[in-house]
Student: 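I have a structure here, written as structure tokens, and I will follow up with some questions on it.
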Amino acid sequence: MFYELRRYQARPGRRAELVALMEDTIIPYQSSLGMDITASFVDEQDEDSYIWMRRFESEAQREELYAKVYQSDRWKSEIAPAIDAIFIRANIVVTRLTPTEVSPLQ
């Protein structure tokens, strides 16, 4: 089991729009397809940063869910264009995390 910590940079002054897109559209959509979204944050020290976390049971599950979400017609035609308008894809940072034995996230 592992987590993805994903950091996105909104275009200047558009973080509120990014948060709304994530919380109103992307998180519910991905959750409906089986993604386990575990957290959603704004960075108090960077007014354009948004961070969220997803949990996967295995690499095979991650690959299956990625295909289900990112190859879907809705993602390609509706969600991806909205993302491109609000945040800078080139600045996405994804960190894979494995909880330690005593972590409550185990």
Student: Are F41 and F87 in one and the same hydrophobic cluster, where Ile, Leu, Val, Met, Phe, Trp and Tyr link if side-chain heavy atoms are under 4.5 Å apart?
Tutor: no
Student: Go through it in stages, so that I can follow the logic: the residues are R96 and E59, the test is salt bridge (Lys or Arg N to Asp or Glu O under 4.0 Å), and I'd like the CA-CA distance, side-chain angles, deciding distance and then a yes or no.
Tutor: CA-CA 11 Å; R96 284 177 62 148; E59 178 60 22; 2.7 Å; yes
Student: Minimum heavy-atom separation for M22 to Y50, with atom names?
Tutor: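 Closest approach of M22 to Y50: CG-CE2, 3.5 Å.
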Student: Give a yes or no on this: more than 12 heavy atoms of other residues, nucleotides or ligands lie within 6.0 Å of atom CD of E78.
Tutor: yes
Student: Where is the tightest heavy-atom contact between I37 and Q30, given as atom of each residue plus distance?
Tutor: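 Closest pair (atom of I37, atom of Q30, distance): CD1-OE1, 4.1 Å.
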Student: State whether the side chain of R7 and the backbone N or O of T95 hold a donor-acceptor pair below 3.5 Å, judged by distance alone.
Tutor: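 Judged by distance alone, no pair lies under 3.5 Å.
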Student: Dump the intermediate steps for side-chain contact (heavy atoms from CB on, under 4.5 Å) on L5 and V94, then the final yes or no.
Tutor: CA-CA 6 Å; L5 177 75; V94 179; over 6 Å; no
Student: Once rounded to the nearest 0.5 Å, what's the spacing between atom CZ of F56 and atom CD of E4?
Tutor: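 Here the rounded value is 4.0 Å.
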Student: Does some side-chain heavy atom of I88 sit less than 4.5 Å from a side-chain heavy atom of R11?
Tutor: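 Yes, at least one pair of side-chain atoms sits under 4.5 Å.
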Student: Salt bridge check: are R55 and E57 linked by an N-O gap of less than 4.0 Å?
Tutor: yes
Student: Is it the case that the side chain of R54 and the backbone of D36 share a donor-acceptor pair, with hydrogens and angles ignored and the cut-off at 3.5 Å?
Tutor: no
Student: Taking the basic N atoms (NZ, or NE/NH1/NH2) and the acidic carboxylate oxygens, is any pair closer than 4.0 Å for D48 and R14?
Tutor: no
Student: Do you know the tightest heavy-atom contact between S40 and E23?
Tutor: OG-OE2, 3.2 Å
Student: Could you give the distance from CG (L21) to CD1 (I26), rounded to the nearest 0.5 Å?
Tutor: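 Atom-to-atom, L21:CG and I26:CD1 are 4.0 Å apart.
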Student: First locate atom CE of M53, then atom OH of Y3, and finally report the distance between them rounded to the nearest 0.5 Å.
Tutor: 6.0 Å
Student: Given R15 and Q9, is the side-chain contact (heavy atoms from CB on, under 4.5 Å) satisfied, shown in steps?
Tutor: CA-CA 8 Å; R15 183 172 72 184; Q9 182 182 6; over 6 Å; no
Student: Quick one: do W52 and M1 end up in the same hydrophobic cluster if we chain Ile, Leu, Val, Met, Phe, Trp and Tyr together by side-chain heavy atoms under 4.5 Å apart?
Tutor: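 W52 and M1: separate clusters.
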Student: Find out whether the Lys NZ or Arg CZ of R74 is both under 6.0 angstrom from the six-membered ring centre of Y29 and within 45° of the ring's axis.
Tutor: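 Judged by the rule, R74 and Y29 form a cation-pi pair.
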Student: Honestly curious: do I51 and L105 fall in one hydrophobic cluster under the side-chain, below-4.5 Å linking rule?
Tutor: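 Shared cluster, yes.
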Student: Of all heavy-atom pairs between L65 and G34, which one has the smallest distance, and what is that distance?
Tutor: CD1-O, 3.8 Å
Student: Looking only at atom types and distance, does a side-chain atom of Q106 sit under 3.5 Å from a main-chain N or O of P99, one as donor and one as acceptor?
Tutor: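 At least one qualifying donor-acceptor pair exists.
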Student: Measure the spacing between CD1 of I83 and CD1 of I92 and express it to the nearest 0.5 Å.
Tutor: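 Rounded to the nearest 0.5 Å, the CD1-CD1 separation comes out at 7.5 Å.
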Student: Quick one: pull up OG in S32 and CD1 in I27 and give me the separation to the nearest 0.5 Å.
Tutor: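 One gets 12.5 Å once the value is rounded to the nearest 0.5 Å.
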Student: Taking CG in D24 as the centre, count heavy atoms belonging to other residues, nucleotides or ligands within less than 6.0 Å. Is the count above 12?
Tutor: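 Enclosed: over 12 neighbouring heavy atoms sit under 6.0 Å from CG of D24.
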Student: Atom CZ of R89 and atom CG of N91: how far apart are they, to the nearest 0.5 Å?
Tutor: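 Going from the CZ atom of R89 to the CG atom of N91 covers 12.5 Å.
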Student: Between Y8 and R6, is there a cation-pi geometry (under 6.0 Å to ring centre, at most 45° from the normal)?
Tutor: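 No, cation not above the ring by the 6.0 Å, 45° rule.
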